[in-house]
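Report on the structure given below.
Whatever order the structure lists ligands and atoms in, that order sets their numbers, starting from 1.
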Amino acid sequence: MADIIRLLPDHVANQIAAGEVVQRPSSVVKELLENAIDAGATEIKLIIKDGGKTLIQVVDNGKGMSGTDARLSFERHATSKIQKAEDLFNLNTKGFRGEALASIAAIAHVEMLTKTADDEIGTRIKIEGSKVVTQEVVVAPKGTSMLVKNLFFNIPARRNFLKSDQVEYRHITDEFHRISLAHPQVAFSFYNNGSDVFQLPNNDFRKRIVHIFGRKTDEKLVPVEEDTQVVKISGYIQKPEFAKKSRGEQFFFANNRFIKSPYLHHAILGAFEGLIRPGTHPGYFLNLEVDPGTIDINIHPTKTEVKFDDEHTLYAILKSAVKHSLGQFNVIPALDFEQDQNLETPYAYKGKQVGVPQVVVDASFNPFEVNKKPKGASSGNYTKPSAKGWENLYAGLEVEVDHPVKNNSTIEFESEVVNSSIFEADNEVADHATHTFQLRKKYIITTIKSGMVVINQSRAHQRVLYENFLKNITIKEAVSQQLLFPLTLSFTPSEIEILNEIKDNLCTVGFVFGEVLKEGVEIKGVPVLVAESEVQMIMEQLMSDFQQEVPGDSFSQSDMLAKTLAKTLSVKTGETLDEFSQQKLVNDLFACKETTLSPFNKKVYIMITENDIERKFI
Ligand code: ADP
Ligand code: MG
């Protein structure tokens, strides 16, 4: 048989390597920003268009390259950063593989302009799909400008695989946050589609955090300092009361490089234990300085995991340092002797408003008038009725009494035609849903002709709310309640961006917005189902859900919004429902278009027929 093994041509090898290095526009941003930092730049400018798909440019004032270096930099495994294998164990630079530029040039149109301080003139190189188109000598300022256009122009499959511009933009913003936080001494600016997103002057770490996440962040930060032989820790944690629903603001940097470490994250969670509400996440910005020889970052070009030699010690030191800061800065109430413990409000009541007890009296009620029904009177609070016609006094109450379900809000009442595909034949549930029973504050049990139905209360309510919200969004006819005093909620600039994207849809469910500022938003009205005290929590949940991924088309955006609202506002397991609310929920559920599954595709109820029961008795 003839020999069949051949060496791949360079441009093919480069394209394959590019698949590893460049997954999406944000990978290019990361590589270019890191190169600029490695070149010793003190000012870096990032410009992108259309989520980086059409254009990414990074301009730095670093050391630049000579003509020969400029050409060589696009070769694979061409690097100025290491020379021998041992250098890998003493790395002080971000890059070292010499793969990034070769990879990027293989899958995009690239234009580099560069000049060193010593040279009089600079170099311009144009490369398209690994082929050098031009190389010329030009006048240029000191430093390097890298322009990357039409990413994946020659790999349509990869290009089609990219997400919407907003999603790609969000990934780029994340990358920008990480790198600019790791290098506060470098000034950064960031422009997206011609508008200026960030102007970060060179600064200390704290000011950099505040510049990125907004002025309000400043008061939330508590410093952490610890200097040991194994590690030097510096940075900030956020006070426990500012723990958020979203995981956004959690940053570890090891030797000025952003890293992810579930293990060390766990140490922080341990230090915060008991201080934050379940389901919320503490914010932190922590720098770990270790001997470069004790850390292995050589795992994968695009991965952010690293390996520390002595992880266990690091864990213990980190946890105790964070605990110490929480204690030292009086953030742990138990350590604050000046505070009256009796005045401490438990978390569950924080931010909740105290309601003025209300007595509703029917002013027009005349006990001597025969056959007049009292309206809106709550039992026990009006004058003694005359004996005659007393039965009528209660006539109106049945529908008017409030049935508390959760946190002062009620399940919405809406008399809809009850029909469900499953029960259509004999309308069993609807007709017989008069007797319900709540089991373990989790299930509602109701009988039907052929047996019984066990309904998961939380999932059922999610389904009801979900369809309700979705309907409101589609017909754009939600009822909203105006707030007497508009609420001002503060958000980070990137959260504001998300808010702007989903604002129209939020209005269709009943939110009314006032001014949207750079770091906050005014809320003037909320959907009727939402209590004022819940607004902050709901908005945080929305941000956190949408931060993961903003759906591109408006349908999936509405869908996600309805899901989040349903999830947040639904009755939960552990809540007691009175009989009226139980029946209302059952009726509402079986008036839904889909009754069997929750919006998150979970089973809403099960049926147990008489046969099933009888079989058990055999
Ligand atoms: P690596 O960063 O791993 O060395 P790259 O492909 O990113 O590999 O870059 C190759 C080389 O090009 C670098 O080692 C560096 O010498 C040079 N280089 C890249 N970008 C810049 C820049 N912005 N300024 C100066 N030199 C640069
Ligand atoms: Mg590099």
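- With ring centers used as reference points, H177 lies under 6.0 Å from F198.
- Judged by distance alone, the side chains of N202 and K207 never bring a donor and an acceptor atom under 3.5 Å apart.
- Relative to atom 21 (C) of ligand 1, the option among K81, M65, E34 with the closest non-hydrogen atom is M65.
- For ligand 1, the atoms closer than 4.0 angstrom to any heavy atom of G95 are 2 (O), 3 (O).
- Aromatic ring centres of F190 and F176 lie closer together than 6.0 Å.
- If you check which protein heavy atom lies closest to atom 7 (O) of ligand 1, you get N35 ND2, 2.8 Å.
- Nearest-residue assignment for atom 10 (C) of ligand 1 (options A105, A78, G98, G143; heavy-atom criterion): A78.
- Of the protein's non-hydrogen atoms, the one nearest atom 6 (O) of ligand 1 is L101 N, 2.9 Å.
- Metal site remark for the Mg ion (ligand 2): N35 contributes an N, O or S atom at a distance under 2.8 Å.
- The distance criterion of under 3.5 Å between nitrogen or oxygen atoms is met by D60 with respect to ligand 1.
- Contact check on R170 versus E501 returns a salt bridge, with a Lys/Arg side-chain nitrogen under 4.0 Å from an Asp/Glu carboxylate oxygen.
- For the 3.5 Å distance criterion, the side chains of T116 and D119 qualify, holding a donor opposite an acceptor.
- In summary, the atoms of ligand 1 found under 4.0 Å from a heavy atom of A100, numbered by their order in the structure, are 6 (O), 7 (O).
- Residue-level proximity to ligand 1 for S80 is carried by backbone and side chain together, each with a heavy atom below 4.0 angstrom.
- Here T79 has heavy atoms under 4.0 Å from ligand 1 in both its backbone and its side chain.
- For atom 12 (O) of ligand 1, the closest non-hydrogen atom of the protein is S73 CB, 3.3 Å.
- Taking the centre of each ring, Y284 and F252 come in below the 6.0 Å mark.
- Between D545 and K563 there is no salt bridge, since none of the side-chain N atoms of the basic residue sits less than 4.0 Å from a carboxylate O of the acidic one.
- In summary, the side chains of S145 and Q57 do present a donor paired with an acceptor at a separation below 3.5 Å, with no hydrogens or angles considered.
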Determine, step by step, whether R124 and E111 satisfy the salt bridge (Lys or Arg N to Asp or Glu O under 4.0 Å) criterion, reporting the C-alpha distance in whole Å, the side-chain angles of both residues, the deciding distance to 0.1 Å, and the verdict. CA-CA 7 Å; R124 180 183 3 234; E111 209 178 307; 3.6 Å; yes

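- Counting only heavy atoms of the protein, atom 22 (C) of ligand 1 lies nearest to T144 OG1, 3.7 Å.
- Ranking protein heavy atoms by distance to atom 25 (C) of ligand 1, first place goes to A39 CB, 3.5 Å.
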